[in-house]
Amino acid sequence: MLRKSLVLVAALCSCATIAHAGDKPLYQAAPAWVKPAPAIDAGKLSDADPIMLMLDQQQRVSEGAVWSYVEMAMRMASPQVLMQSGTIPLVWDPSKGDLIVHSVEIIRGTERIDVLAGGKRFEVLQREQQLENAALNGMLTATFAVEGIRVGDVLKVGFSITRKDPALNGHVQTIAPLIAEPIRLQFGRVRVMWPQAMNLRWRSYMKTADLKPVDTPDGFRELNLQMPVAKPAEVPSDAPLRYQPLPLLEATDYAGWADVSKGMAVHYRTEGTIAPGSPLAGEVAKIVAATSDPRLRAAMALQLVQDKVRYLFKGMDTGNYVPQAPSLTWSVRYGDCKAKSMLLLAMLRAMGIEAEAVLVSMDAGDLVPARLEMPGAFNHVIVHATIGGEGLWLDGTGAGARLSDIGDVPPFRHALPLRDGGAELLPMTPKPNARPTTDAEIEVDASAGVLFPAPFKARFTVRGQQAELLRVVAAQSDKDSTNKMIDAIIGAQVGTSSEIVDRSFKYDEATATALVTASGITYPEWKKVEGRFRVKLDPTIEGISFSPDRARPAWRDIPVSSGAYDDTRVLRRMHLPNEGNGFTIEGNRILPPMLAGVVLKRSVTLDSGWLTIEDRSVTGVGEIAPADIPATRAQVAQAKARMLTAVAPQGYPPLFRQIEAARRSKTLDPILAVYARQIAENPDEVEGYTDRAWFLERTYDRKAALRDVSKALELEPTAARYLWRARLYSMLNDDKAAMADARAALELEPASAQATGLVASLLASSGKRDDAITMISEKIDEGGDDKPIYQNALADLLADGGRVDEGLAILDNAIAAAPGKPDLLNSRCWMKGTRNVALESALKDCTKSIELSDDPGAALDSRGMVYFRMNRMEDALADFDAALEDMPDRAASLYMRGIIRKRSGAPDAEADLAAARLIAPRIDEAYGKYGIKP
C-alpha cells in the first residue's frame, strides 16, 4: 500500500515543474521552508487507526522550478501490509531535477530508529521505466529494502523531488493528488507556496473548503488544503467524463490557453528542418510528383509517417514536450507522437499544405475545457491540416489511415492549436468514420431446416489500432492463443455457443488491416411462438441498453454518454430452408438514424432464399440530453419490442418431419462435415465428440451417437456422460449396458438424483422392484433438496408394482408439504390417469397444474390421458394438440393422439404412431404396462 502510494506521489511530483539534476539520490535534511507535520505517538495507536497515518505534500514554486516535499507514514497493521510496504520505491527524472532523501524512520513505541544510519543508501535500478510499452521516459527508480521492520511498527519516509523543465521556457506547472473520504488519515495536507509577485493560478476539482491563499512574511503566498477532502458527490456511471470528479490540485503560472499555445508553438517551427537533397526531401518530392491533389498528398504523407516510422516515446531530457528533428526521426525510423507530428507537419508545409500541431488528451478530452490551462492537461500531439476549407485531424501514431480516412475525427473532443500568436481550444466534433473499425461478413447456411445447427462462414476486417493490436498478439502468441483470440472476435457476432472449426489470421501491409476468417457451426434459436417458428436476428438492437438513473435531483441535468468510440458494420446472410418459400420478416427493417446515442444504419432484403441484413452502428459520437431521456427510453423499448425476426411459414413441420426430409435431400451432410472437421482438428479433445453426439441423437441416429459418447468417455469420463450413454443404451433396448453406465455414474456422483433414479428404474424393470423401493426410500429418509424427486420416483415404483394407493399416498403427503407445486400436481394426475383411478380428482389436479405452470405442456398431456380414460376423446385430442403445439416432438402426446385417431379411423394415425416410436423407441412397452395399445 505504501509502495503504491509512494510511486504515485513520486511520479506526480516528478511531473511537476533544481537544477542540480543527478542520477543518484541526494541525502539532506528537509529544507527550512517545510512546516513539520504533527508527531506520531505510536504508543497510542490501535487497530482503529488508519493504516496510512500521514500524507504531507508541500510544494514550493519559484524561478521556473518546483520543489516537492513529501512525508508519508504507514502503520504496519498486518503481515500483508508489511510485505507490500517493506520496500520503498521512489521515481524521479534525473534530467530535470534531483531526488533528495530526507529520512527513513521506523517508529516502535517510544523508539525512533533511523533506518539510514550507518550510511545505508537507496539502490538505483539501472533500467528504463516503461520500456516494455515502447517508451524511453528517462525516469529512474530508487529502491530501499527496510531492514528490521515488524508488524505493529510505523514506517515514515520523507523525501523531495525537484524539477525544472527547460521546455516550459520559465513557466511552471504542478499537480498534487488529493485523498478523499472515505479514506482516512491521521494527518493529511497539501501546501503550495509561491512568490507574491508570481501570478500563480490554481484549481481543485474536488469539493473543498473555501480555499484562500495567505501572504507570509518571507514574501511568499501560501495555500493550505487539509486531507482527506470531502467524499466527491456520486455521479452516474453513464455520465460523460467531464462530470467525473478529478482527485487533483493543479497550479500553474500560464495565463490561459493562448499562453500555453504560444509557449509550446516554438517547439513546432519547421523552417529549415528538411534540408534540400536530403532523404526526407526525396520522400516529399516523390509525393509531389505522384499527385497534384493536396488531399491525396496529405493522405500519402500520413501513411508514410504511420507505416514507415515505428512508435517509441522519448521523454528524456526535454523530450516530454520537445519533438526530435524530422530528419532524425526519418533517419532512425522511430518517434513518439511529438516526433511523428513534427515530421508530418514539416512534410505537409513543404508541400504547401496549411497545417499546425495541436495538443489533445487521448483519454480525458471531454475534461479539457474544465482543466487548468497548462501543458499537463494534454498527453498527445496530432496535426490539424486545412485543405479546401475543411479541417483534417491527422494522427501520425495511428495505423492504417488511407485517403478515405483522413476526414475522420479522432475521439479527443478538444484540441489546442500551437500558434506563435496563441490560440484557444478548438472543438473536435465527433462523427462516424468513413470506414468502420470492424467490418464483418457472416454467411449462415440454415437450408437444412429450422431447429438444426447451421454451418457458417465469417470474414472480419479490422482496421486502425485494433488491427495493430491483433497483429502483435498473433505474432507473439502460439496457435492455441491465437485461436482463442479469433474465437472471441467471431463469437461476439456469431454467438458464443457457436463451434468454430477453421480459423485464419492475416495482416495486410498494403491496407494496414487485419483479416480474420473462420467457419463452423452456429445454433439459431428458432422458437415456436403463436403457431410459427421464429428466430430473432437483431444483435444490433439487442446490444443497445439504455437504463440511465437520473432519479436523484443532483443528477437530473446530467446527459447520458453513449460510451467509447466504436464503429462496426456487420453483413449477415442466411440461406433459409426451402429457398425461403413462405418465410417472412417481422420487426425493424429500418432503424432510426440515432438510438440511445448510437448512430445506426440498416438495410434488409429477402430474395431467392437469402435473408440479407446489413447493419452499421457507431457509439461514442452522441450524448442524450437530460430532457430527451424519457423519449429515448421509450424509443429503445419500442425498438426492442420490434427486433428483426425471421418467421417460418404457418404449418412448418416439426423436427422429426424435418429430419426425414433432410435425410432424403442430404442437407444434413454439410452439418456432419463440420463436426468431422472439428474432431479431425482436435482428435484428443472431448468437445468435438460430444457436439456431434448431441446432433446425432437429435436426428435419431442413436447408434452413431453412442460411438461418440463412448469416445468422449474414454477421453474424459464424467457422471453426466455415463448417464447420457445409459439413456442411449436404454433406447436401444440394452438395459444391461444401461445399468452398468448408471452405476458408474452413481459411483462418480453418489448424490446424483438422476443416477439414483435410473438405477432404481432399471432394477425394477429387471424384477428387483423391492431393491429399488428400498434404495429410493433411503434417499427420502435423508431429506434434502432432492426429496420431492425421490418421492415421485417411489410413487411410480409402488404404482407400477400394483400398489397404486400407496403411491398416491406418497404424492398426497408431498403435495400437502408443498401445496401449489404444479409438477407434483401433474405427477398425481398422471398416476391416476395412467392407472385409471379417481379420474374426477385427477382432472382437478391437472387443470390446477396447467393454471399454475409457466410451461403447461406436460400437464396438458396428462389431462389428455385422463380424458382418454373418461372416454372424452374430443377433449383428449384438444389437450394432446395443445401439448404438441408447445412441443411438437412430445412422443407421449403423439402416441396417444395416434391411438385415438386409429380407433376413430382418422387419417394420420399411423404417422403419429411412427413419429412417437422414432422419438421414443420403447414407447409401446411403456404404455403397454398401463394396458394402452394402438
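By convention here, the first residue in the shown sequence is residue 1. Scope of the values below: all heavy atoms of this structure, side chains included, with no hydrogens, waters or symmetry mates.
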Quiz item: Please walk me through it: do Arg550 and Asp238 pass salt bridge (charged side-chain N to carboxylate O under 4.0 Å, His left out)?
Solution: CA-CA 10 Å; Arg550 296 297 185 272; Asp238 55 9; 3.0 Å; yes
Quiz item: Can you check whether Asp607's main-chain N or O pairs, donor with acceptor, with Thr605's side chain at less than 3.5 Å?
Solution: no
Self-check item: Asp445 and Arg573 ion-paired at < 4.0 Å
Solution: no
Quiz item: Is the closest side-chain heavy-atom distance between Val358 and Val383 below 4.5 Å?
Solution: no
Quiz prompt | Pairs touching residues 517-567 that satisfy ring-ring contact (aromatic ring centres under 6.0 Å, His included), sequence neighbours left out | solution = Tyr523-Trp694
Quiz item: At their closest point, which heavy atom of Asp395 faces which heavy atom of Leu302, and how far apart are they?
Solution: O-CD1, 3.7 Å
Practice problem: State, to 0.1 Å, how close Ala423 and Leu416 come at their nearest heavy-atom pair, and which atoms those are. | Solution: O-CD1, 3.4 Å
Practice problem: May I ask you to decide if Leu451's main-chain N or O and Arg698's side chain share a donor-acceptor pair within less than 3.5 Å? | Solution: yes
Self-check item: Heavy-atom pair of closest approach, residues Val621 and Pro432
Solution: CG1-N, 4.2 Å
Quiz item: Is a donor on one side and an acceptor on the other found under 3.5 Å between the side chain of Ser562 and the backbone of Thr619?
Solution: no
Exercise. Mind checking the CD1-CE spacing from Ile490 to Met485? Nearest 0.5 Å is all I need.
Key: 10.0 Å
Quiz item: Is there a donor-acceptor contact under 3.5 Å from the side chain of Gln658 to the main chain of Val450?
Solution: yes
Self-check item: Under-4.0 Å salt bridge between Asp889 and Arg657
Solution: no
Exercise. Determine whether Ile613 and Arg589 make a side-chain contact, defined as any pair of heavy atoms from C-beta on separated by less than 4.5 Å.
Key: no
Quiz prompt | From CA spacing to verdict: salt bridge (charged side-chain N to carboxylate O under 4.0 Å, His left out), Arg602, Glu614 | solution = CA-CA 6 Å; Arg602 164 174 286 175; Glu614 183 177 1; over 6 Å; no
Quiz item: Which residue pairs satisfy the ring-ring contact (aromatic ring centres under 6.0 Å, His included) criterion with at least one member in residues 362-390, sequence neighbours excluded?
Solution: Trp257-Phe378, His380-Phe412, His384-Trp393
Quiz item: For Val409, does its backbone N or O pair with a side-chain atom of Lys431 as donor and acceptor, under 3.5 Å?
Solution: no
Quiz prompt | Short side-chain donor-acceptor distance under 3.5 Å, Ser519 and Asp502 | solution = yes
Quiz item: Can you tell me how far CG of Asp366 sits from CZ of Arg242, rounded to the nearest 0.5 angstrom?
Solution: 4.5 Å
Practice problem: Determine, stepwise, if the pair Asp307 / Arg402 fulfils salt bridge (charged side-chain N to carboxylate O under 4.0 Å, His left out). | Solution: CA-CA 11 Å; Asp307 296 356; Arg402 298 298 183 260; 3.3 Å; yes
Quiz item: In this structure, are over 12 heavy atoms from other groups packed under 6.0 Å from Glu390 atom CD?
Solution: yes
Exercise. Give a yes or no answer on whether the side chain of Arg459 reaches the backbone of Thr517 with a donor-acceptor pair at less than 3.5 Å.
Key: no
Quiz prompt | Spacing of CG belonging to Leu606 relative to CG belonging to Leu576, to within rounding of 0.5 Å | solution = 6.0 Å
Exercise. Over all heavy atoms of both residues, which pair between Leu403 and Ala299 is shortest? Give the atoms and the distance, please.
Key: CA-CB, 3.6 Å
Quiz prompt | Pair Asp615 + Lys601, salt bridge at N-O below 4.0 Å | solution = no
Quiz item: Just by modelled atom types, is the Cys337 backbone N or O under 3.5 Å from a matching donor or acceptor in the Ser341 side chain?
Solution: yes
Exercise. Assess whether atom CG of Asp549 is packed by more than 12 heavy atoms of other residues, nucleotides or ligands within 6.0 Å.
Key: yes
Quiz item: Is the closest basic N to carboxylate O distance between Asp508 and Arg463 below 4.0 Å?
Solution: no
Quiz item: Would a 4.5 Å heavy-atom cut-off, applied to side chains only, mark Ile541 and Leu595 as touching?
Solution: yes
Quiz item: Roughly how far apart are Leu537 CG and Glu586 CD, rounded to 0.5 Å?
Solution: 12.0 Å
Quiz item: Looking only at atom types and distance, does a side-chain atom of Asp408 sit under 3.5 Å from a main-chain N or O of Ala434, one as donor and one as acceptor?
Solution: yes
Exercise. With the side chain counted from C-beta on, respond yes when Pro417 and Leu426 share a heavy-atom pair under 4.5 Å apart, and no when they do not.
Key: yes
Practice problem: Could you grab the distance from atom CD of Gln493 to atom CD of Glu441, nearest 0.5 Å is fine? | Solution: 12.5 Å
Practice problem: Assess the side chains of Asp855 and Ser853: does a donor N or O sit below 3.5 Å from an acceptor N or O? | Solution: no
Quiz item: Nearest heavy-atom pair of Ala415 and Val360: which atoms, and what distance?
Solution: CB-CG1, 3.7 Å
Quiz item: Under 4.0 Å between a Lys/Arg side-chain N and an Asp/Glu carboxylate O for Arg534 and Glu525?
Solution: no
Identify all side-chain donor-acceptor contacts of residues 578-585 below 3.5 Å with residues at least two apart in sequence or on another chain.
{"from": "Glu579", "atom 1": "OE1", "to": "His575", "atom 2": "NE2", "distance (Å)": "3.4"}
{"from": "Glu579", "atom 1": "OE2", "to": "His575", "atom 2": "NE2", "distance (Å)": "3.3"}
{"from": "Asn581", "atom 1": "ND2", "to": "Asn578", "atom 2": "O", "distance (Å)": "3.2"}

Quiz item: Given side chains that start at C-beta, do those of Val599 and Ser617 come closer than 4.5 Å, heavy atoms only?
Solution: no
Quiz item: Does any non-hydrogen side-chain atom of Arg371 lie less than 4.5 Å from one of Leu246?
Solution: yes
Quiz item: Less than 4.0 Å between a side-chain N and a carboxylate O, is that true for Asp538 and Arg642?
Solution: no
Quiz item: Is it the case that more than 12 heavy atoms not belonging to Glu181 sit under 6.0 Å from its CD atom?
Solution: yes
Quiz prompt | Side chain to side chain, Ile659 and Phe452, heavy atoms closer than 4.5 Å | solution = yes
Quiz prompt | Backbone N/O of Ser849 and side chain of Asn826: donor-acceptor pair under 3.5 Å | solution = no
Self-check item: Distance-only polar pair, side chains of Asn433 and Asp405, donor-acceptor under 3.5 Å
Solution: no
Exercise. Give a yes or no on whether a salt bridge exists between Asp487 and Arg503, defined as a side-chain N under 4.0 angstrom from a carboxylate O.
Key: yes
Self-check item: Donor + acceptor pair across side chains of Tyr205, Glu250 (<3.5 Å)
Solution: yes
Self-check item: Rounded distance (nearest 0.5 Å) linking atom OG of Ser893 with atom CG of Asp879
Solution: 9.0 Å
Exercise. Count the heavy atoms belonging to other residues, nucleotides or ligands that lie under 6.0 Å from NZ of Lys640, then report whether that count exceeds 12.
Key: yes
Exercise. I would like to know whether Leu644 and Val604 meet side chain to side chain contact (heavy atoms under 4.5 Å, CB included); could you show each step before the answer?
Key: CA-CA 9 Å; Leu644 200 66; Val604 180; 3.8 Å; yes
Quiz item: Taking all non-hydrogen atoms of both residues, which atom of Phe456 and which atom of Thr522 are closest, and how far apart?
Solution: CD2-N, 3.8 Å
Self-check item: Backbone N/O of Ala401 and side chain of Gln306: donor-acceptor pair under 3.5 Å
Solution: yes
Quiz item: side chain to side chain contact (heavy atoms under 4.5 Å, CB included) between Gln638 and Val636: does it pass, once the steps are laid out?
Solution: CA-CA 5 Å; Gln638 184 182 40; Val636 171; over 6 Å; no
Exercise. Evaluate the side-chain proximity of Pro559 to Pro626: yes if any heavy-atom separation is below 4.5 Å, no if none is.
Key: yes
Practice problem: Just do the side chain to side chain contact (heavy atoms under 4.5 Å, CB included) check on Leu600 and Val618 with the steps written out, would you? | Solution: CA-CA 7 Å; Leu600 297 171; Val618 184; over 6 Å; no
